[in-house]
Amino acid sequence: MFAVLWLRARDDSGRRGEAATVAHVVDGDTIALVGGTRVRLVQIDAPEKADECYGERATALTRSLLPRGTLVRVETDPSLDQADVYGRRLAYVFAGEENVNVRLVRDGAASVWFFRGARGRYAAELMAAAREARAKRRGLWGACPLARLDPLDAVASGPG
């Protein structure tokens, strides 16, 4: 039986978050924590693993960044929704000092999605990472000719 240990944590910037342990990666933008909480990485969208171009590779990259047992910091954004319609917690996930949401966008495994136009605290960093990834044709931007960058809509990478 797994028990969840939620600790209040504080990073150098003064942002608060909760420490947790990764149980497994669900897909490119969703993880499960030990204890059962599912976290949807907020402000990003990865292609669906089963039917979109680059979906399987996006999931594999997320697994490589957040393998089972990884200690993470889960940081919500008070200016954004706290949960989605599926009951998943919406948050930024940090592995050490690295913002995994930004890393996935920078590597081209995900795009930016400002759901209902809401921009969180890392919006500028996410947009810069997306523009760089697209310009350098990283990840889905090089592999999926139909991919488009539209931060006001879910990623569209084309069929898998």
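Count residues from 1 along the sequence. Please read these numbers as outputs of a predicted model, since none were measured by experiment.
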In short, Ala91 meets Asn101 closest at the heavy-atom pair O-ND2, 3.4 Å

Cluster overlap Val42 with Val22, hydrophobic side-chain contacts below 4.5 Å: yes

Linking I/L/V/M/F/W/Y whenever their side-chain heavy atoms sit closer than 4.5 Å, directly or via other members, would Ile31 and Val74 fall into one cluster? yes

So which atom in Ala118 and which in Leu80 form the shortest heavy-atom distance, rounded to 0.1 Å? CB-CD2, 3.6 Å

Working to the nearest 0.5 Å, report the span between CG of Leu140 and CZ of Arg134. 11.0 Å

Chi angles and distances behind the side chain to side chain contact (heavy atoms under 4.5 Å, CB included) call for Arg40, Asp45: CA-CA 9 Å; Arg40 170 70 164 73; Asp45 191 39; 3.0 Å; yes

Please tell me if the side chains of Gln82 and Leu90 come closer than 4.5 Å, counting only heavy atoms from C-beta onward. no

Can any side-chain N or O of Thr59 pair as donor or acceptor with the backbone N or O of Gly28 at less than 3.5 Å? yes

Under a 4.0 Å N-O cut-off, is there an ion pair linking Asp153 with Arg148? yes

So does Glu98 pair up with Arg103, basic N to acidic O under 4.0 Å? yes

Verify, without hydrogens or angle tests, whether Arg68 (side chain) and Ala23 (backbone) share a donor-acceptor contact under 3.5 angstrom. yes

Separation between CG of Asp29 and CH2 of Trp113, rounded to the nearest 0.5 Å: 9.0 Å

When you group the ILVMFWY residues by side-chain heavy-atom contacts below 4.5 Å and let the links chain together, are Leu149 and Tyr54 in the same group? yes

Give the minimum heavy-atom separation between Ala95 and Leu66, together with the two atoms involved. CB-CD2, 4.1 Å

Intermediate values then yes/no, salt bridge (charged side-chain N to carboxylate O under 4.0 Å, His left out), Arg89 and Glu18: CA-CA 12 Å; Arg89 188 169 183 196; Glu18 296 173 346; 2.9 Å; yes

Taking C-beta and beyond as the side chain, do Val155 and Glu48 meet within less than 4.5 Å on heavy atoms? no

Lys/Arg N to Asp/Glu carboxylate O, Arg63 vs Asp27, below 4.0 Å: no

Nearest heavy-atom contact between Asp107 and Arg138 is O-CB, 3.8 Å

Side-chain heavy atoms of Tyr92 within contact of Gln43, under 4.5 Å: yes

Looking at Asp77 and Arg121, would you say the former's side chain and the latter's main chain have a donor-acceptor pair under 3.5 Å? yes

For the residue pair Thr30 and Arg88, establish whether any side-chain heavy-atom pair is separated by less than 4.5 Å. yes

Determine whether Leu104 and Ile44 make a side-chain contact, defined as any pair of heavy atoms from C-beta on separated by less than 4.5 Å. yes

Considering non-hydrogen atoms only, spot the tightest contact between Ala109 and Ala46 and give its length. O-CB, 3.5 Å

Going through the distances and angles, do Asp81 and Phe115 end up as a side chain to side chain contact (heavy atoms under 4.5 Å, CB included)? CA-CA 9 Å; Asp81 292 338; Phe115 186 68; 4.2 Å; yes

Please tell me if the side chains of Leu33 and Thr21 come closer than 4.5 Å, counting only heavy atoms from C-beta onward. no

Check Thr70 against Pro67 and note the closest heavy-atom contact, atom names and distance. OG1-O, 2.6 Å

Is it the case that Tyr122 and Glu75 place a side-chain donor and acceptor less than 3.5 Å from each other? yes

Polar side-chain atom of Asp150 near backbone of Leu152 as donor-acceptor pair, under 3.5 Å: yes

Taking the side chain from Ser157 and the backbone from Cys53, do they hold a donor-acceptor pair closer than 3.5 Å? yes

Can you find a pair of side-chain heavy atoms, one from Pro151 and one from Met127, that are under 4.5 Å apart? yes

Lys136 vs Arg106 side-chain heavy atoms within contact, under 4.5 Å: no

